[in-house]
Number of protein chains: 2
Amino acid sequence: MRRLYHLPLSPYCRKIRLVLAEKKIEVDLIEEKVWQQNLDFLRQNPAGKVPMLKMNGLVLAESSAIFEYIEESNPSPPLLPRNISERAEARRLQSWFDDKFHNEVTANLLYERVNKKLMGAGYPDSAKIKAGSKNIKYHIDYMGWLLESRRWLAGDMMTIADFAAAAHFSSLDYINDVDWERNSAVKDWYAKIKSRPAFRSILADQLPGFVPPDHYADLDF
Amino acid sequence: MRRLYHLPLSPYCRKIRLVLAEKKIEVDLIEEKVWQQNLDFLRQNPAGKVPMLKMNGLVLAESSAIFEYIEESNPSPPLLPRNISERAEARRLQSWFDDKFHNEVTANLLYERVNKKLMGAGYPDSAKIKAGSKNIKYHIDYMGWLLESRRWLAGDMMTIADFAAAAHFSSLDYINDVDWERNSAVKDWYAKIKSRPAFRSILADQLPGFVPPDHYADLDF
């Protein structure tokens with residue numbers, strides 16, 4: 001059986017869960033508390049990170065490599081355009097969220113509020129929370145600007161860029177850190193992606209000790 | 001004309017320079033001091049990072065997306081294997097170096113010693129230098145372990161994994177932060193990749209104020 005080692009609010013894991021669900025590839029989810037440095041897990045993935053996917057007899061690691069593997073082995077429905085310049089744009093935006101957005105927003109908000117508590121690593125740093133809350137505004141504005149001329153973030157079709165972004169936003173929405181009223185195009189985009197069947201498992205996540213806001217799983221938020 | 005906006009010691013830029021040179025794609029190199037937040041540059045790449053590549057009428061950003069674009073548009077010689085599980089391994093290791101190695105080693109050594117000085121952002125933090133010097137040992141050991149059973153890092157052929165790794169190591173070698181005596185297989189691997197014509201431009205880099213050690217450009221180091 002296919003197995004995805006994950007953490008419920010990890011945006012990288014959520015991105016892969018969305019990709020798998022969109023392509024109707026069933027997996028068993030196994031929660032891996034990476035900070036416990038489980039030796040059996042480290043032997044399989046010395047990077048010590050989730051997601052790690054066991055599939056087709058392989059042990060796959062690093063979310064962008066996992067995505068490309070799934071896209072190549074299960075091309076339908078595609079999450080990259082056919083045209084190579086459009087593929088570059090989808091991958092650019094995947095990196096935008098997984099690198100820039102992560103560093104400026106997710107690490108400041110989610111990791112401070114949730115990961116620190118889970119790991120018993122102290123209290124949130126208010127300077128970081130403040131920086132993350134400020135930075136997310138610019139990112140929402142940038143997405144709004146992209147969505148002025150595009151149906152989806154990278155162009156006319158839904159791609160890995162949308163799943164990467166939605167993964168980060170859904171985790172931040174769980175802790176009520178997204179101001180959906182800032183930009184109506186971004187809100188509409190999220191409502192559209194959130195209503196896909198692939199999103200169901202993510203909306204059903206429950207993290208003990210952290211209660212999501214009412215609108216988290218509401219499709220008509 | 002094709003243009004690569006870069007910084008000489010940026011491992012992500014060096015990775016793309018190696019990829020372009022290996023595929024014999026000529027580019028003009030334009031140094032972009034990203035910390036100066038040049039508005040014309042930011043308009044073209046709002047992430048404000050290098051590398052940024054202008055090619056075929058496109059503006060490409062994010063080194064992994066740039067690599068995939070070059071690989072798709074100029075497939076020869078290939079830097080990804082044909083077999084999709086081997087491709088996943090090459091991409092996993094690219095991410096290993098660009099994420100884990102970067103955070104644990106490059107950010108602690110290169111950014112402390114070089115970037116801070118270039119940006120006028122103070123002196124190196126000795127705790128970070130110490131952490132980077134310790135961490136690089138484990139990475140060299142891991143590479144040595146991979147190279148016990150493989151000709152190149154990801155398998156039998158040279159791939160983007162080797163270029164990603166060599167890009168980081170060459171930048172660290174410029175500031176003499178690599179102990180090449182720690183593992184002979186890693187030293188042999190670097191000698192092999194360093195002797196490729198694609199490496200010449202990187203070995204000719206001169207950063208004002210930073211003199212590389214004698215062995216930096218020596219192919220028989």
Side-chain angles (χ1 to χ4, degrees), chain A residues 12 42-43 45-49 51-53 55-75 80-104 107 138-139 141-143 145-146 154 159-161 164, chain B residues 12 42-43 45-49 51-53 55-75 80-104 107 138-139 141-143 145-146 154 159-161 164:
Chain A
Y12 304 99
L42 283 173
R43 251 190 298 273
N45 180 17
K49 299 192 297 188
M52 175 177 91
L53 177 63
M55 179 172 168
N56 302 338
L58 301 168
V59 177
L60 302 159
E62 301 294 342
S63 76
S64 58
I66 295 174
F67 161 66
E68 297 284 344
Y69 175 82
I70 299 171
E71 183 73 5
E72 291 177 348
S73 59
N74 293 65
L80 284 174
R82 280 198 175 195
N83 176 287
I84 61 170
S85 65
E86 293 170 14
R87 294 163 77 83
E89 178 65 357
R91 288 181 176 125
R92 175 183 78 83
L93 287 166
Q94 176 184 207
S95 291
W96 175 289
F97 289 99
D98 285 347
D99 183 44
K100 187 178 177 70
F101 186 91
H102 168 266
N103 294 341
E104 296 177 356
Y138 301 113
H139 284 275
D141 294 348
Y142 179 57
M143 293 164 75
W145 178 78
L146 291 173
T159 67
I160 188 63
Chain B
Y12 304 100
L42 282 173
R43 253 190 297 272
N45 180 17
K49 300 192 297 186
M52 175 178 90
L53 177 63
M55 180 174 169
N56 302 338
L58 302 168
V59 177
L60 302 160
E62 300 294 342
S63 77
S64 58
I66 295 174
F67 161 65
E68 297 285 344
Y69 176 82
I70 299 170
E71 183 73 7
E72 292 177 348
S73 59
N74 294 65
L80 283 175
R82 282 198 172 194
N83 176 287
I84 62 170
S85 65
E86 292 171 16
R87 294 163 77 81
E89 177 66 355
R91 289 181 175 124
R92 176 184 78 83
L93 286 167
Q94 176 185 210
S95 291
W96 176 287
F97 288 99
D98 285 348
D99 182 45
K100 187 178 176 70
F101 187 90
H102 168 267
N103 295 342
E104 296 177 356
Y138 301 113
H139 284 273
D141 294 348
Y142 179 57
M143 294 163 75
W145 178 79
L146 291 174
T159 68
I160 189 62

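Within every chain, numbering begins at 1; the chains are lettered A, B, ... in the order of the sequence lines, protein sequences first and strands thereafter.
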Closest approach of A/Ala47 to B/Trp96 (non-hydrogen atoms, all atoms of both residues): N-CZ3, 3.4 Å

Rounded to the nearest 0.5 Å, the CG atom of B/Asn56 sits from the CD1 atom of A/Ile84 at a distance of 7.5 Å

CG (B/Leu58) and OG (A/Ser85) are apart, to the nearest 0.5 Å, by 5.0 Å

Portion of B/Asp99 that has a non-hydrogen atom of chain A nearer than 4.5 angstrom: side chain

What is the minimum heavy-atom distance between B/Ser64 and A/Ser95, and which atoms define it? OG-OG, 3.4 Å

Contact part of B/Leu60 toward chain A, heavy-atom cut-off under 4.5 Å: side chain, backbone, both or neither? side chain

Identify whether the distance between the nearest side-chain nitrogen and carboxylate oxygen of A/Arg92 and B/Glu68 falls below 4.0 Å. no

Residue, of A/Ala88, A/Ala90, A/Gly48, A/Pro46, that accumulates the most heavy atom pairs under 4.5 Å with chain B: A/Pro46

Salt bridge (charged side-chain N to carboxylate O under 4.0 Å, His left out) assessment of A/Glu62 paired with B/Arg91: CA-CA 8 Å; A/Glu62 301 294 342; B/Arg91 289 181 175 124; over 6 Å; no

